[in-house]
Amino acid sequence: MKILVFADQKKGKVKKSSFEVLSEAVKLSTESGAEVHAALLGSGVKEQAGVLGHYGAKTVHVVDRPELATYINTPFVTAAKAVIDAVKPRLVLFPTSEGIKDYIPALVQKLDGAGITDCCKIRWTGNGVEIERPLMAAKARSTMESSHSLILLTCRAGSFETKEPNPSLKAEIVEHSVSFPDLKQIFKEVLAANTGKISLDEADVVIAAGRGVRDAEGLKLLEELADVMGAALGSTRAVVESGLVPATLQIGQTGKVINPTLYIGCGVSGAVQHTAGMGNSKVIVAINKDSEAPIFNIADYGLVGDLFKVVPLLIEAVKELKKNA
Amino acid sequence: MKIYVCCKQVPDVAMTIQIKDGKFISEGMNYVLNAYDASCVEEALVLKEKYGAEVTLVLIGDEAGKEALRKGLAMGADNAFHISDPALNNLGSQAAAKVLQAFFKGRDFDFILTGKQAQDSDMGLAGGILSGLLNLPYVTNAVGLDVQDKMIVVKRQGDEGVEVLHMPMPSLITCSNDMNDPRIPSLKGIMASKKKPMEQVSLTDLGLSADEVLKESQKSSLKSFGLPPARKAGAKIEGDAQTLVATLMEKLTKEAKVL
């Protein structure tokens with residue numbers, strides 16, 4: 001039996017969510033006796049394939065083609081299907097991204113597989129898997145089972161433990177040639193590219209802006225805090241709707257699911273639509289002048305105070321700490 | 001233009017969710033039109049007002065599901081199909097897509113809209129699987145729609161920003177609720193909706209057997225429900241700004257050790 005993990009990458013660099021999923025696959029392989037394979041799809045990604053070996057992939061399957069330079073679902077479905085057809089895994093695991101969420105339904109359909117998204121626990125049952133996943137805006141969890149001949153699962157960010165890489169582990173790299181069909185859809189452009197210097201779903205520290213930031217002035221304050229902390233900036237839906245930040249920064253049920261070591265919510269009230277996307281953060285700090293704000297119910301450290309007074313002092317304190325480090 | 005919107009009726013997830021003995025307690029829950037589907041209806045109506053179109057709703061569900069269809073009709077959709085059969089209760093994404101494939105067989109349309117996910121399952125597979133079964137190009141997570149030169153101009157929220165794609169007709173597009181704010185039906189709209197055609201469709205009408213649906217349902221099965229592990233409220237820190245920041249820095253460096 002084989003478990004195949006599709007790695008996600010950005011500009012040729014493998015994203016940390018891939019290592020998390022690969023670590024889980026290695027864990028599952030000890031329970032099931034499976035062989036762990038990885039796959040990397042993209043353009044100019046071949047050089048990065050080796051690192052997947054350090055995390056325990058025995059073989060890394062690469063499709064490195066210019067057709068995969070810009071994300072569009074059809075070529076990714078074609079490439080992923082070609083690798084799965086060649087490897088013949090029983091279980092296929094994916095991290096989660098907007099691209100993967102977009103192409104996985106077609107892949108499930110074309111392979112006649114069983115598809116389950118957003119898994120936060122996976123157990124090998126002997127003849128299939130039992131998984132847990134959040135649902136209803138992460139207010140409930142369901143347990144699902146599948147013993148289908150081909151099971152495709154996407155994994156919820158931050159749900160699994162990433163193992164330390166071992167550089168002495170080497171994977172065999174196999175390149176696959178794929179013939180791509182003519183596209184029926186036409187890709188035009190990417191508007192409003194990510195403004196954040198550090199990508200939100202990769203960041204160890206996230207500063208989140210809520211309605212309490214009020215305007216561009218308030219946002220600038222949080223950008224400065226993010227800068228001194230080496231953090232990524234995120235926001236609630238209200239702030240996206242006000243036009244202050246692009247939708248790529250939205251955290252929550254309809255936005256990104258993040259799992260940083262430290263989350264600092266500034267002027268964030270803590271509506272379920274937002275907490276559905278950040279409840280996995282290791283340490284949650286909330287700064288809000290409303291002591292009744294629901295975010296205080298999940299915050300490890302809840303600062304009852306005005307962010308316009310607290311954040312400038314926090315910026316200075318972090319600068320001081322970095323200077324002495 | 002002919003636009004179909006595939007809808008689902010879901011429990012209102014803003015309410016308190018109750019689980020008992022591994023089962024979801026539906027008593028006391030309000031059931032509503034899936035918010036992502038409501039955004040599809042809204043967008044279809046905007047396109048209808050701009051270019052002229054017939055907007056048809058399709059829903060799989062029991063008798064109560066008709067309420068969600070009435071809501072869409074009251075917003076301004078023209079007509080609706082209610083697919084109902086005892087064999088079709090609590091369908092998963094893959095089985096729902098199979099049923100809808102049978103529904104769309106032999107029908108003409110310019111595009112199909114459906115929510116990017118259902119608010120109850122949050123699975124996000126049915127739309128893309130349906131387009132695969134119908135051999136249609138598709139795109140998910142649309143945040144903007146328009147029609148230009150017989151192509152559908154779709155803005156989709158991607159990983160790096162908003163991706164702009166031109167889709168041929170027919171295509172299938174799944175929509176985000178970030179696309180618009182669905183209109184509240186007017187009293188006039190509600191009155192008019194009662195006279196709009198709503199056609200009942202059974203499994204037999206679709207030429208589909210319960211076994212064919214079951215085969216899809218059996219690929220994966222829902223065993224039980226539970227509540228997520230609760231996150232406890234930690235320390236609430238009060239005082240002036242200096243005290244707050246000093247206490248926080250102390251906690252983050254010495255206690256949580258994350259700085």
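Here is the naming used below: chain letters follow the sequence lines, and residue numbers restart at 1 for every chain. Because the structure is a prediction, the values reported are computed rather than measured.
Residues Met249(B) and Leu314(A) approach most closely at SD-CD1, 3.8 Å, considering heavy atoms. Nearest heavy atoms, Thr16(B) versus Lys139(A): N-NZ, 4.4 Å. Here the shortest heavy-atom pairing between Asp159(B) and Thr248(A) reads O-CG2, 4.2 Å. Nearest heavy atom pair, residue Ala137(A) against residue Asp122(B), reads N-OD2, 3.0 Å. Minimum heavy-atom separation, Pro228(B) to Ala138(A): CG-O, 3.4 Å. Nearest heavy atoms, Lys184(A) versus Asn135(B): NZ-O, 3.9 Å.
Of the inter-residue distances, the one linking Gln109(A) atom CD with Leu134(B) atom CG reads 9.0 Å to the nearest 0.5 angstrom. A distance of 4.5 Å separates CD1 in Ile116(A) from OG in Ser220(B), rounded to the nearest 0.5 Å. Atom NZ of Lys223(B) sits about 12.0 Å away from atom CD1 of Ile131(A), to the nearest 0.5 Å. Expressed to the nearest 0.5 Å, how far CD of Glu145(A) lies from CG of Leu222(B) amounts to 10.5 Å. If you take NZ on Lys236(B) and CG on Asn297(A), they are separated by 7.5 Å, rounding to the nearest 0.5 Å.
Comparing Ala286(A), Gly99(A), Cys120(A) by how many heavy-atom pairs each has under 4.5 Å with chain B, the most go to Gly99(A). Counting heavy-atom pairs under 4.5 Å between each of Gly22(B), Pro229(B), Ala230(B), Ala246(B) and chain A puts Pro229(B) at the top. When each of Pro312(A), Ser97(A), Gly305(A) is checked for heavy-atom pairs under 4.5 Å with chain B, Ser97(A) comes out on top. In terms of heavy-atom pairs under 4.5 angstrom with chain A, the leader among Thr243(B), Val258(B), Thr247(B) is Val258(B). Listed options Val10(B), Leu248(B), Thr253(B) were ranked by heavy-atom pairs under 4.5 angstrom with chain A; first place goes to Leu248(B). Chain A forms the most heavy-atom pairs under 4.5 Å with one residue out of Ser93(B), Gly92(B), Ala235(B), Gly239(B), and that residue is Ala235(B). Among Ile104(A), Thr261(A), Leu303(A), the residue making the largest number of heavy-atom pairs under 4.5 Å with chain B is Leu303(A). Between chain A and the residues Ser224(B), Pro137(B), Ala256(B), the most heavy-atom pairs under 4.5 angstrom are made by Ser224(B). Each of Val164(B), Ile237(B), Val245(B) has some count of heavy-atom pairs under 4.5 Å with chain A, and the biggest count is that of Val164(B).
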Side chain to side chain contact (heavy atoms under 4.5 Å, CB included) evaluation trace for Glu98(A) with Arg156(B)
CA-CA 10 Å; Glu98(A) 287 306 335; Arg156(B) 131 172 231 280; 4.0 Å; yes
Hey, mind stepping through Met136(A) and Phe24(B) against side chain to side chain contact (heavy atoms under 4.5 Å, CB included) and telling me if it holds?
CA-CA 11 Å; Met136(A) 300 188 195; Phe24(B) 172 68; 3.7 Å; yes
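Using a 4.5 Å heavy-atom threshold, the side chains of Arg141(A) and Phe225(B) count as separate. In this structure, the side chains of Met144(A) and Met123(B) come closer than 4.5 Å at one or more pairs of heavy atoms. Put simply, the side chain of Val162(B) does not reach to within 4.5 Å of the side chain of Val190(A), judged on heavy atoms. Contact check for Leu252(B) versus Tyr301(A): side-chain heavy atoms found under the 4.5 Å cut-off. Using a 4.5 Å cut-off on side-chain heavy atoms (C-beta onward), Leu244(B) and Leu313(A) make no contact. A heavy-atom distance below 4.5 Å is not found between the side chains of Gln218(B) and His148(A). Considering only heavy atoms from C-beta on, Ile186(A) stays 4.5 Å or farther from Met167(B) through its side chain. Counting only heavy atoms from C-beta outward, the side chains of Asp102(A) and Asn141(B) never approach each other to under 4.5 Å.
The existence of a salt bridge linking Asp300(A) and Lys232(B) is excluded, since no basic side-chain nitrogen approaches an acidic carboxylate oxygen closer than 4.0 Å. Ion pairing between a basic and an acidic side chain is recognised when a charged N comes within 4.0 Å of a carboxylate O; Glu160(B) and Lys10(A) show such pairing.
For Lys116(B) (side chain) and Thr254(A) (main-chain N/O), a donor-acceptor pair under 3.5 Å exists by modelled atom type. Of the possible polar contacts, one joining the Arg231(B) side chain to the Gly279(A) backbone as a donor-acceptor pair under 3.5 Å is found. Side chain of Lys219(B) to backbone of Ser149(A): no donor-acceptor contact under 3.5 angstrom is found. With hydrogens and angles ignored, the 3.5 Å screen pairs a side-chain donor or acceptor of Gln94(B) with a backbone N or O of Gly115(A). Using modelled atom types, no side-chain atom of Lys155(B) and backbone atom of Leu191(A) make a donor-acceptor pair closer than 3.5 Å. Looking only at distances, a side-chain donor or acceptor of Arg133(A) sits under 3.5 Å from a matching main-chain atom of Ser121(B).
Heavy-atom distances place both the backbone and the side chain of Asp112(A) under 4.5 Å from chain B. Contact of Ser171(B) with chain A is not made at all, since no heavy-atom distance falls under 4.5 Å. Of the atoms belonging to Ala299(A), it is backbone heavy atoms, and not side-chain ones, that fall under 4.5 Å from chain B. In this structure, chain A has no heavy atom under 4.5 Å from any part of Asp240(B). Using a 4.5 Å cut-off between heavy atoms, Gln253(A) contacts chain B through both its backbone and its side chain. Heavy-atom distances place both the backbone and the side chain of Ile284(A) under 4.5 Å from chain B. Residue Ile298(A) touches chain B through both its backbone and its side chain, counting heavy-atom pairs closer than 4.5 Å. Only the side chain of Val285(A) comes within less than 4.5 Å of a heavy atom in chain B; its backbone stays farther off. For chain B, no part of Asp8(A) is nearby; none of its heavy atoms comes within less than 4.5 Å.
With a 6.0 Å radius and a threshold of 12 heavy atoms from other residues, nucleotides or ligands, Lys309(A) has its NZ atom at or below the threshold. Heavy atoms of other residues, nucleotides or ligands lying less than 6.0 angstrom from CG of Asn324(A) number more than 12.
Within residues 124-133 of chain B, the residues that have a heavy atom under 4.5 Å from a heavy atom of chain A are Gly124(B), Leu125(B), Gly128(B), Ile129(B), Gly132(B), Leu133(B), listed by number.
Between the side chains of Tyr138(B) and Gln185(A), no donor-acceptor pair of N or O atoms lies under 3.5 Å.
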